[in-house]
Each structure stands twice: as C-alpha cells, then as structure tokens.
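As the structure is a prediction and not an experimental result, all values here were calculated from the model. Naming convention: chains lettered A, B, ... in sequence-line order (proteins, then strands); numbering from 1 in each chain.
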Amino acid sequence: MDVRRVLAPVALVVGCLSIIAIWFYPSHADFRPANPDWNGLSEVAGEWRVTRLDSLTLLPAGPRGTALVVIPYRPVSQVDVARINRYLTDGGVVVLLDDFGFANQVLGGLGLRVRFAGPPLLDPLFKYKNRWLPKITDVAILPPGSTVILNHATALSETSGMAVAARSSAYAFLDLNNNGVADPREPRGPFVTAAWTKVGGGVLFVASDPSFLINGMIGLGDNRQFARQILRFAGERPRVLLDEVHLPSETLDQARTMLRAIRAAVASPVGVLAAAFIAVTAPLAILLRRWDGNAGFD
Amino acid sequence: MVPHEDPSASPADQDPATLLQHFGDALVLIGAQRYPDTRAHLFIFRHAEVPDSVRQVANRFNGELTELSGSISEADDVIVRAQALLRANRKAEAKTLLQQAARLVGTNASLVRESRGTLLDLANRLGLPGPPAAVPARQTLARTQALLGDVEDRQRRIAHLLAQIEAGKSVTLDIFNTSLQLSVPPTTSPGRMFVSAGVVRTVGRPGEPREVVFTLDDRLLATVFTRGPFRVTLTAPRDFPPGWHTLNAQVKAKGLHARAEEARTLSLVQIPIAVSVNPIPMTWLPGTVVVSGKVTSRLGALEGARVEGHLGLAAGAARSGPDGTFRVAIVPPPVFGLVGQQRLRLSVFPAEPWDAPAEVEARAFVLNVLNLTMAALVVPLAVIYVRRRRGTEFAARTSIQMEELYPSGPGATEPAEGMAGLVEGVAASTEGGLHPAGDSPRSLGDRILAVYAAALHLVEDRTGVRLRPQMTLREFHRAASPRLRGQTFFQMTALAEITLYSSRPATEETLAAMLRLRQELEAA
C-alpha cells in the first residue's frame with residue numbers, strides 16, 4: 001500500500017477532528033463566557049446573550065443601548081484605551097471590573113483620578129465563609145438590606161467626584177503585607193468598592209472585583225441583581241459586549257480564537273468568492289490533467 | 001495575587017475580636033446618644049458571619065443592645081419633654097413625666113446589667129486568648145460599665161429634680177448632649193510622650209469648662225478642662241509592657257450635661273537597640289576578663305544602660321557612658337575548667353523603658369595559670385610513674401634468679417662468678433670481634449652476649465661506672481643510666497637477660513636486634 005496515498009486522507013481526518021475538539025471542548029480559563037466551571041462566565045453570558053469581541057475594532061459605531069464589559073487581566077494598549085474612550089464619549093456604558101489587573105492603565109488613559117488600590121480587601125466580620133470573600137452591605141444601587149459578595153477584591157481610591165455605588169464595612173482592611181491579619185498600620189474601612197461617573201455621553205462603572213460575575217459567585221447574595229442594576233445604566237434591555245481581548249486565556253482559547261477568525265474570513269464575501277473559485281477550478285485542473293494523459297496513448 | 005477562589009470549597013475562618021469590637025462600637029454610639037446610628041449599626045449585624053457555637057448568644061446580645069438603645073432614647077425623649085414643661089412652668093405635668101422618666105431609667109439600668117451578663121457569656125464562649133485579642137473584650141466591658149454608670153447618674157439626677165419639685169423649688173432641666181472627637185497616634189513607646197487632640201461639643205447652651213479624663217488601661221494619665229477643642233500631651237507609663245493598650249478619654253457628665261467617651265487602641269512598642277562588642281583580648285586567669293563595646297539605638301547612643309556580662313558562673317556589670325560605650329569587668333573564680341575559648345553572654349537593659357533590652361554573645365580566650373601549673377606538675381610525675389611501672393613489670397617478667405646466678409646468695413664473702421664473670425668470659429672469648437675468623441659457629445646466645453659485652457664496655461668507658469663482680473646486669477644499668485641518654489642500653493640489657501635466663505632459645509632476630517641497638521649506642 002502506498003503510504004503517500006493514505007497520508008493525506010488521514011491528515012485531513014485528524015485535522016477535522018482536532019478542529020472539532022478545539023471548537024467544542026469547554027474552556028477552563030477565568031472569566032471566559034464558554035467556561036461552565038465555577039470560574040467562568042457561562043451563566044451570565046447565557047442570561048445576557050453576551051456578544052464576544054475578539055477585537056475592540058468591533059465596537060459599534062453607535063454605542064447607545066450597549067454595555068461593554070472589560071476585565072483587563074492583560075495589558076491594554078493605548079490604541080485600545082482610545083477605542084474605549086471613543087466608545088464612552090459616544091454614549092456607551094463601560095463596566096470596568098478589576099482587582100489585580102491592568103485597569104489602572106485604562107483609567108489613566110481616560111484621564112480619571114480614580115484607581116484600583118491593589119492590596120487585597122479583607123473583612124473579618126462581614127464576609128461569606130472567610131475574610132477573602134467580603135460581604136458588601138452598603139450598596140447604593142440596590143434596596144437596603146441587599147448584599148454583594150466579592151471574591152479576593154481590592155478597593156477603589158480617589159473616587160471624589162464619582163457616585164459611590166457600594167462600600168465595604170468599617171471592619172474591612174487592606175492587607176498590605178498579605179498576611180491575612182489586620183495589622184496596626186493597615187488602612188481600615190469603609191472602602192469604596194464600586195462607583196460610577198459620566199464620561200462624555202456615556203457612563204463608566206468601576207467595580208473593584210470582577211469575580212462577582214463568575215458562575216460560582218453570581219448566585220450568592222444579591223450579586224445577580226447587582227449585575228443587572230449595573231447594566232441598566234445602558235437601558236432596560238442593553239446589548240452586552242464582552243471584551244475577550246484582555247481576558248486571561250489558555251492555549252485552547254487562543255486556538256479557538258484563531259478558528260473563529262478563519263471562519264469569519266471564510267464567511268466574508270471575499271472568502272466566499274475564493275472558496276467558490278477553488279471549488280470550480282480544482283476539479284477542472286484534475287480533469288484536464290487526466291485528458292492530457294489519455295491523449296498521450298493515442 | 002489570587003484572582004478568586006471557589007466559594008463552594010472555601011474554608012471558613014473566625015475573628016472573635018472583631019465580633020466583640022462590633023458590639024463595643026455599638027455601646028460607644030449609645031453612650032454618645034447617637035441612637036439612629038446605633039440602630040443602623042446593630043441592624044446590619046444580621047449580615048455578619050458568626051460562629052455557630054455563639055450565634056444564639058451573639059444575636060441575643062445584639063437584640064439586648066438594640067432594646068437598650070431604644071429604651072435609653074425613649075427616656076431621653078421623656079426628659080426633654082419634661083424640660084419643655086418645666087420651662088413653661090407646668091410643674092405638675094413635668095413631675096409626671098419625670099416620674100415616667102425615672103421608671104424608664106430604672107429599666108435602662110436593668111437592661112444594662114442584663115447585657116453585661118450576656119457579654120460575659122459571649123466572651124467565655126468565644127474562648128478568647130490573651131492580648132491583643134482580649135483588648136476589644138476589655139474595651140467592651142469597660143464601655144458597658146461606663147454606660148451603666150451613666151444611666152445610674154441619670155437616675156440620681158432625675159430623683160434630685162423630683163425632690164426639688166416636691167419641695168416647691170423652681171428648677172430648670174437642661175439636657176445637653178455631649179460629643180467627643182478624639183485623635184491619638186497609633187503607636188508610642190513606654191515612657192514617651194505623645195499628643196492627643198480633639199474637640200468636646202455640647203449641644204445647646206454652652207456650659208462651663210468640661211473635665212476630660214484620659215486613662216490608659218484604667219490608669220489615669222491626665223485631666224484637662226476645655227470648653228471645646230483640646231490638645232494634651234500624655235506620657236505612656238514606663239512600667240507598661242509593650243503591646244496593645246486601651247486609651248480612654250471621658251468627658252464627665254456635669255449637671256445635666258451628658259457624658260461622652262471615646263476609646264482608642266494604642267500600641268506600645270519598644271525601640272530595638274544595637275550592641276556592638278569589641279574583640280576581647282586573650283586573658284590570663286586568675287585575672288579579669290574585660291568586655292567593652294557600645295550600645296546605640298536609632299535615636300543615638302544610649303547612656304546609662306545596664307550591661308551585665310556572664311562568663312560561666314562569674315558575672316560583672318557596668319553602665320554605659322554618655323557616648324554609649326561600656327566596659328564590663330568579669331572576675332572568674334579559680335576553677336580548673338575555665339580554659340580556652342569561652343562563651344560570654346552580655347545582657348543589656350536600657351535605662352529608658354522605650355528601648356528594648358537585648359542580649360548578645362561574645363567569645364573570650366582564656367589561659368588558666370592554675371591549669372598550666374597543675375599540668376606542669378602532674379604530667380611529668382605521671383610520666384615517671386608510668387615508666388617506672390613499666391620497668392618494674394619488665395624486670396618481673398625477666399627477673400634474674402639470684403639463686404641461679406649467686407648460688408651462695410648475695411653478700412657472700414666469696415665473690416661469685418656471677419654475671420660479671422659470665423660476661424667477661426664471653427667478652428674474652430670474643431676478643432677481636434664478634435665473629436672471630438677460623439672459629440666454629442658459636443651459639444646464638446653466646447654471640448648475643450658477646451655483642452652485649454662490647455656494649456657494656458662502651459658504657460663503662462662513657463660513664464665511668466664499672467661492672468663489679470657482685471652486680472647484676474640490671475644493677476649495672478641502674479647505676480649507669482643516669483649518665484646515659486635514651487633507652488638503648490636498657491633494651492640491650494633486657495635482651496641479654498632474656499638470652500641468659502629465658503627457657504626459650506635465642507633467635508636470629510634477637511641477635512639482629514642486639515646488633516642494631518649496639519649501633520645506636522655507639523652513635524649516641
């Protein structure tokens with residue numbers, strides 16, 4: 001048996017199977033909308049019918065009625081910051097969620113003073129199970145008595161000029177040395193954990209923990225209601241966009257992104273024309289070669 | 001940093017101190033008559049994470065404080081209404097309200113006592129360890145007691161007013177709220193001064209200067225009088241140990257001006273010091289080991305610090321000078337064990353309580369005259385003893401049978417041929433050499449003795465000691481050895497004796513040994 005004859009079909013089958021596995025195998029990366037585990041966003045992604053953006057060039061030109069969720073766990077380029085700024089000033093709502101990532105780059109690029117403090121915010125009394133899951137009881141955008149559970153959060157600083165949406169208890173502290181204990185020199189609460197402000201024609205909502213959205217957290221306390229209230233800044237039924245560019249990713253996610261890009265390219269008019277051209281010319285070329293071969297025997 | 005954890009698998013942790021602090025803060029609000037804030041503060045307690053073992057007691061305490069806050073607030077309202085009636089000269093109605101206020105205040109006092117019991121129960125169930133976790137519990141208990149005193153004070157005042165009204169005297173009832181703002185530094189050191197500032201505010205008619213009492217863990221620090229803002233320099237007691245302490249500022253109630261109180265946690269820390277020790281010179285004992293060095297802190301040289309040095313059981317002490325230097329002299333006792341490299345411990349106790357004590361180690365090399373002298377005496381004696389003992393044993397092993405050699409015994413008048421004769425005979429027969437040419441092979445024993453005879457003559461020449469007829473070979477060696485060096489001739493004498501008296505036949509090895517020894521003797 002000629003190996004070369006079998007190799008091509010086998011490679012084709014393996015390639016197809018790989019593509020199928022990559023496409024359908026669930027992601028396990030943090031904050032991924034396709035991730036059904038406790039650390040994914042599959043639940044809110046399904047509820048909000050989130051549109052995933054592989055590039056911020058896909059931001060709509062007329063952003064009114066849309067909300068862009070940004071969880072910058074990777075550095076944000078100045079170009080992307082400019083795109084976010086334009087989206088905001090044109091009337092979009094940006095929900096900037098971060099704790100230990102790169103959101104301060106965005107805030108600095110937007111010319112705002114507010115910053116994510118950085119050190120972990122712990123609450124030894126108002127908490128869910130342990131102090132790294134602080135319970136926020138002072139939530140201005142929810143009815144009194146509501147609570148929001150955070151998960152390894154930080155605090156916001158320099159929020160003057162912004163409307164405070166949520167504040168920790170007075171017993172919370174910033175664990176500067178990461179030892180889990182409220183040392184004498186460590187700042188004590190209450191700390192601002194969520195705030196919003198108008199930027200141009202839009203609204204920027206900042207929260208010092210993106211983890212309240214993950215599958216394992218969205219059902220705790222009033223987290224779901226809190227998320228819905230945030231999106232209401234963009235209207236009653238906003239279109240929710242999720243910036244996947246700056247999410248943490250695994251190799252599988254990157255491969256899936258590449259496949260998506262290929263599919264988009266193939267689905268484009270140019271791609272369709274190219275595919276049609278190949279579909280027509282390839283069989284013709286094979287047939288012509290066979291006719292030439294038969295003519296030689298004559 | 002960890003972005004998040006799985007909440008379904010998260011472990012639980014508890015913080016009893018913060019739980020108690022929450023209740024302590026509520027009592028502070030009650031004491032400051034901030035009743036709406038107290039209600040809000042206690043209301044959110046339902047969201048607190050409380051251990052299952054104490055949840056019931058904690059909730060009960062929370063409820064009691066809520067009830068107490070409402071009851072005290074109600075009593076205050078009644079008193080304020082009575083005040084208005086008195087101003088309008090409606091004494092009879094004011095008296096009725098004051099009687100109602102007296103009942104309410106009595107209820108308040110009962111509630112406070114009940115709350116105090118619940119608090120103690122809660123603290124016991126939480127099983128608090130020692131400080132600093134115990135500090136919030138202490139603060140909370142102190143606040144509860146202060147609140148009880150406040151309520152009881154109101155009872156007395158209201159009773160006094162009632163008595164005044166009964167007596168037909170004109171009275172005015174003024175109830176003014178008092179608030180206290182207080183700021184203190186978070187840390188200081190024992191014995192050091194620190195500044196506390198704040199403001200006393202009285203709602204309503206400003207009264208006379210108010211007395212503000214400052215205590216630290218119930219020890220009085222200072223008392224100031226102020227009509228408003230104040231700034232006071234306090235000194236942390238010198239005998240207070242480092243750690244967390246409670247600074248309490250209390251504005252005493254005056255007339256019908258309510259009291260106010262604020263508490264802060266003050267951390268007393270000691271400044272670490274640095275001790276540098278100079279290299280200690282080698283010391284002869286008996287004598288004095290002198291240790292010198294310098295004591296400093298980040299504030300500069302430490303004067304007056306007590307420096308104690310310990311070398312074994314010996315000790316010495318000194319005080320550091322103005323430049324922080326010290327010189328400690330230690331006189332060790334005359335003990336034989338103190339020789340060589342010794343470990344020396346220095347303990348430094350600063351004069352000021354805000355400096356932390358320190359301990360360092362140093363090494364001193366000592367030479368002990370007693371040891372050396374004893375060694376110089378004992379070692380040679382020991383060597384001599386050992387050598388003599390070995391010689392005696394050897395002589396015992398190769399003892400000359402006097403009867404064999406001197407059949408007539410020692411001291412006989414006739415000179416026995418004895419060893420001298422035997423040796424002389426052998427020497428004569430070997431005149432000209434050990435192996436005279438042309439003779440027949442001689443016995444090994446004779447040849448060994450011939451070598452010995454030659455050596456004996458050599459020794460006679462060198463020492464001047466002659467082998468007398470009555471002398472044994474051993475006796476000759478003993479007589480000549482003081483003038484000989486080494487053990488060569490002694491070994492030759494021993495081999496000769498073995499050859500003469502041992503039952504074993506002489507061997508070539510013995511002959512070779514004898515020849516070698518003779519060469520050594522000649523070369524010596």
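The residue among B/Thr265, B/Val50, B/Asp6, B/Asp15 with the most heavy atom pairs within less than 4.5 Å of chain A is B/Asp6. Heavy-atom pairs under 4.5 Å with chain B were tallied for A/Ser169, A/Pro144, A/Ser211; the largest tally goes to A/Ser211. Interface summary for chain A: among B/Ser8, B/Pro186, B/Ser10, the most heavy-atom pairs under 4.5 angstrom belong to B/Ser10.
Remark: B/Asp218 CG is loosely packed, at most 12 non-hydrogen atoms of other residues, nucleotides or ligands lying under 6.0 Å away. Atom CZ of B/Arg231 has 12 or fewer heavy atoms from other residues, nucleotides or ligands within 6.0 Å. Few gaps surround CD on A/Glu47; more than 12 heavy atoms of other groups in view lie less than 6.0 Å from it.
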- prompt: Which is it for B/His4 and A/Asp99 under the side-chain contact (heavy atoms from CB on, under 4.5 Å) test, yes or no, and what are the steps along the way?
  reply: CA-CA 10 Å; B/His4 39 231; A/Asp99 41 24; 6.0 Å; no
task: In sequence, state the C-alpha distance, the side-chain angles, and the governing distance for A/Lys127 and B/Asp13, and then conclude on side-chain contact (heavy atoms from CB on, under 4.5 Å).
output: CA-CA 10 Å; A/Lys127 60 192 178 187; B/Asp13 70 3; 2.9 Å; yes
field: Intermediate values then yes/no, side-chain contact (heavy atoms from CB on, under 4.5 Å), B/Glu5 and A/Asn130
entry: CA-CA 11 Å; B/Glu5 61 184 86; A/Asn130 66 57; 3.2 Å; yes
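Contact annotation for A/Ile214: only side-chain heavy atoms (C-beta onward) come within less than 4.5 Å of a heavy atom of chain B. Of the two parts of A/Leu220, only the side chain, counted from C-beta on, holds a non-hydrogen atom closer than 4.5 Å to a non-hydrogen atom of chain B. Interface remark: A/Leu133 contributes side-chain atoms only to the contact with chain B (heavy atom separation under 4.5 Å).
Here the straight-line distance linking atom NZ of A/Lys129 with atom CD of B/Gln14 works out to 12.5 Å at 0.5 Å rounding.
Near-neighbour residues of residues 32-44 of chain A relative to chain B, defined by a heavy atom under 4.5 Å from a heavy atom of that chain, comprise A/Trp38, A/Asn39.
Here the closest non-hydrogen pair linking B/Pro7 and A/Met217 is CG-SD, 3.6 Å. Of all heavy-atom pairs between A/Tyr171 and B/Gln21, the closest is OH-O, 3.8 Å. Heavy-atom minimum distance, A/Phe126 versus B/Phe45: CE2-CA, 4.3 Å.
Residue pairs meeting the salt bridge (Lys or Arg N to Asp or Glu O under 4.0 Å) criterion with at least one partner in residues 137-159 of chain A, sequence neighbours excluded, are A/Arg113-A/Glu158, A/Asp138-A/Arg167.
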